[in-house]
Amino acid sequence: MSITIYHNRRCSKSREALERVTHFASLHHQEVNVVDYLDTPLNFTQLQALQRQLGASARDLVRTNEEEYMTLRLDQADEHALLQALAATPKLLQRPIVVVNEKAIIARPPELLDTFLSAS
């Protein structure tokens, strides 16, 4: 089992989640793959896969409080347009997202990881 975290190092919640994931991984001898999605943006296909792993709508992946959300007029966008916007503007992606065994969670608040990681 490996754990992937889609991380933004400038976000305190993401840093806290990374700390929790790293601690869990060290206790259970697991690898952690840290993806700084601002430096390595996900493409449309990767975002679709992430959406499936989350079992969520594309809208759930979008940070609606970002200026770019309003600038791009995404409030009425469909699933396809939202995923395209996320691929083009990675800042809009919710964070942090943690993936274990093909299941994912938006770890906001990071405390959600305690149950998620234990169940994985």
Side-chain angles (χ1 to χ4, degrees):
M1 169 173 79
S2 73
I3 304 168
T4 299
I5 180 168
Y6 294 95
H7 175 61
N8 178 340
R9 65 183 172 271
R10 291 177 280 230
C11 172
S12 63
K13 300 292 185 197
S14 193
R15 289 192 305 268
E16 183 181 341
L18 178 59
E19 207 172 282
R20 287 174 184 266
V21 165
T22 303
H23 178 73
F24 177 87
S26 69
L27 290 176
H28 295 90
H29 308 289
Q30 305 299 320
E31 283 188 39
V32 178
N33 178 29
V34 180
V35 178
D36 185 331
Y37 65 88
L38 294 176
D39 291 339
T40 310
L42 284 74
N43 64 36
F44 185 87
T45 303
Q46 291 168 316
L47 288 163
Q48 283 180 311
L50 190 57
Q51 179 186 6
R52 280 191 301 276
Q53 291 168 323
L54 285 163
S57 72
R59 188 154 308 280
D60 293 333
L61 276 75
V62 179
R63 293 177 54 83
T64 59
N65 60 335
E66 296 291 342
E67 182 181 328
E68 292 84 350
Y69 179 82
M70 295 308 290
T71 302
L72 295 169
R73 299 179 184 172
L74 296 174
D75 55 322
Q76 299 298 318
D78 64 14
E79 296 277 303
H80 189 273
L82 287 169
L83 292 176
Q84 284 183 317
L86 287 169
T89 313
K91 179 180 179 184
L92 291 172
L93 184 65
Q94 280 288 0
R95 60 182 181 255
I97 298 175
V98 177
V99 181
V100 181
N101 295 333
E102 296 302 314
K103 297 278 187 200
I105 186 172
I106 298 171
R108 201 163 184 84
E111 293 80 12
L112 293 173
L113 285 171
D114 298 340
T115 303
F116 178 74
L117 291 170
S118 295
S120 296

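None of the values given here were measured: they were computed from a predicted structure.
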Tell me, do [X] and [Y] make a side-chain contact under 4.5 Å, heavy atoms counted?
{"X": "L82", "Y": "L61", "result": "no"}
{"X": "L42", "Y": "Y6", "result": "yes"}
{"X": "Q30", "Y": "S120", "result": "no"}
{"X": "S2", "Y": "N33", "result": "no"}

Look up atom [atom1] in [X] and atom [atom2] in [Y], then write down how far apart they are to the nearest 0.5 Å.
{"X": "R95", "Y": "R10", "atom1": "CZ", "atom2": "CZ", "answer": "8.5 Å"}
{"X": "D36", "Y": "H7", "atom1": "CG", "atom2": "NE2", "answer": "6.5 Å"}
{"X": "L50", "Y": "I106", "atom1": "CG", "atom2": "CD1", "answer": "8.0 Å"}
{"X": "Y69", "Y": "T89", "atom1": "OH", "atom2": "OG1", "answer": "13.0 Å"}
{"X": "D75", "Y": "R73", "atom1": "CG", "atom2": "CZ", "answer": "9.5 Å"}
{"X": "L93", "Y": "E66", "atom1": "CG", "atom2": "CD", "answer": "10.5 Å"}

Can you give me the closest heavy-atom contact between [X] and [Y], atom names plus distance?
{"X": "L117", "Y": "I3", "answer": "CD2-CD1, 4.3 Å"}
{"X": "R15", "Y": "R9", "answer": "NH1-O, 2.9 Å"}
{"X": "A17", "Y": "A107", "answer": "CB-CB, 4.4 Å"}
{"X": "S14", "Y": "I5", "answer": "O-CD1, 4.3 Å"}
{"X": "P96", "Y": "K13", "answer": "CG-O, 4.0 Å"}

Review point. So, R20 and E16, do they make that salt bridge, N to O below 4.0 Å?
Key: yes
Review point. Does a sphere of radius 6.0 Å around CD in E111 hold more than 12 heavy atoms from other residues, nucleotides or ligands, not counting ones at 6.0 Å or beyond?
Key: yes
Please determine whether residues [X] and [Y] belong to a single hydrophobic cluster, defined as Ile, Leu, Val, Met, Phe, Trp and Tyr linked transitively by side-chain heavy-atom distances below 4.5 Å.
{"X": "I97", "Y": "F24", "value": "no"}
{"X": "L72", "Y": "L38", "value": "yes"}
{"X": "L113", "Y": "V35", "value": "no"}
{"X": "V21", "Y": "V99", "value": "no"}
{"X": "L74", "Y": "Y37", "value": "yes"}

Exercise for review: Let me see the working for I105 and L112 under side chain to side chain contact (heavy atoms under 4.5 Å, CB included), right down to the final yes or no.
Suggested key: CA-CA 8 Å; I105 186 172; L112 293 173; 3.8 Å; yes
Point to revise | side-chain hydrogen bond (donor to acceptor under 3.5 Å, both in side chains) partner of E79, chosen from Q51, R59, Q48 | key: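 For E79, the side-chain hydrogen bond (donor to acceptor under 3.5 Å, both in side chains) test succeeds with only one of Q51, R59, Q48, which is Q51.
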Exercise for review: Determine yes or no for a side-chain-to-main-chain donor-acceptor pair under 3.5 angstrom, with S118 supplying the side chain and T115 the backbone.
Suggested key: no
